[in-house]
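See below for the structure under consideration.
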Amino acid sequence: MAGTLNKVMLIGNLGDEVKMHYFDDKNCVGRFPLATSESYTNKQTNERVTNTEWHNIVVRNKAAEICEKYLTKGDKVYIEGRIKTRKWTDDKGMERYSTEIQCDEFTFLTPKTDQQQSNKPNANPQSQPSAPSNAATQGDDDLPF
């Protein structure tokens, strides 16, 4: 194979609200943490073990505004994008690195019909995206939010 591929697909829960950053020329960036978890049973102790991995998600422009409007902490979402590592210098002059997921596409997996009506008084249920009919709702996630 001659080419390369940088593609990420995640299904997880938001760890915080979408934080927006606006720029002069009407562009914006939304950032939020996404938690993905894997669970297994430890064969020696027979205990259920859950490992959570945190991903920094970056969404741009109109997609960022949609995420800010409809996503809240704890919501389940499907994210598709690519890995991007940024290099920056901190206040002490040390070089630091941040690995982010640059989101290209997303699908909301948490139904909004019941829970968002009480949280957002101006929300119109007809304009909110609905969860796909085949969205898997398997078991309860033991996430801390």
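Just so you know, these numbers use all the heavy atoms, side chains as well, and skip hydrogens, waters and symmetry mates.
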For this session: For Lys87, check side chain to side chain contact (heavy atoms under 4.5 Å, CB included) against everything at least two apart and list the hits.
Result: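 Side chain to side chain contact (heavy atoms under 4.5 Å, CB included) check on Lys87 returns Glu95, Tyr97.
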
Problem set entry | By side-chain hydrogen bond (donor to acceptor under 3.5 Å, both in side chains) - contacts of Asn27 (at least two apart) |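 By the side-chain hydrogen bond (donor to acceptor under 3.5 Å, both in side chains) rule, Asn27 matches Asp25.
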
Exercise. Looking at residues at least two apart in the chain, or sitting in another chain, which of them share a side-chain hydrogen bond (donor to acceptor under 3.5 Å, both in side chains) with Glu100?
Worked result: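 Listed in chain order: Arg31, Arg86, Gln102.
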
For this session: With sequence neighbours left out, write down each residue that passes salt bridge (charged side-chain N to carboxylate O under 4.0 Å, His left out) with Asp90, or none if nothing qualifies.
Result: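 Result, salt bridge (charged side-chain N to carboxylate O under 4.0 Å, His left out) vs Asp90: Arg96.
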
For this session: Name all residues meeting the salt bridge (charged side-chain N to carboxylate O under 4.0 Å, His left out) criterion together with Asp16; count only those two or more places apart in sequence or in a different chain, and write none if there are none.
Result: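 Scan of Asp16 (salt bridge (charged side-chain N to carboxylate O under 4.0 Å, His left out), adjacent residues dropped) gives Lys19.
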
Could you check if a side-chain atom of [X] sits within less than 4.5 angstrom of a side-chain atom of [Y], using non-hydrogen atoms only?
X: Ile79; Y: Phe32; value: yes
X: Phe108; Y: Ile66; value: yes
X: Asn46; Y: Thr41; value: yes
X: Leu34; Y: Ile101; value: no

Exercise. Which pairs pass salt bridge (Lys or Arg N to Asp or Glu O under 4.0 Å) with one or both residues in residues 35-63, sequence neighbours excluded?
Worked result: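 Found none.
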
Problem set entry | salt bridge (Lys or Arg N to Asp or Glu O under 4.0 Å): pairs with one or both residues in residues 2-12, sequence neighbours excluded |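 Those involving residues 2-12 are Lys7-Glu80.
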
Problem set entry | Cluster companions of Val49 among Ile, Leu, Val, Met, Phe, Trp, Tyr (side-chain spacing under 4.5 Å) |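 Members besides Val49, by chain and number: Tyr40.
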
Exercise. Mind checking who shares a hydrophobic cluster with Trp88, ILVMFWY linked at side-chain heavy-atom distances under 4.5 Å?
Worked result: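 Trp88 shares its hydrophobic cluster with no other residue.
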
For this session: Using the rule that two of Ile, Leu, Val, Met, Phe, Trp, Tyr join whenever any of their side-chain heavy atoms come within less than 4.5 Å, decide whether Val58 and Leu71 are in one cluster.
Result: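 Different clusters: Val58 never reaches Leu71 through Ile, Leu, Val, Met, Phe, Trp or Tyr contacts under 4.5 Å.
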
For this session: Give a yes or no on whether Leu14 and Met20 share a hydrophobic cluster (residues Ile, Leu, Val, Met, Phe, Trp, Tyr; joining criterion: side-chain heavy atoms under 4.5 Å apart).
Result: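 Looking at the clustering, Met20 is in the same group as Leu14.
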
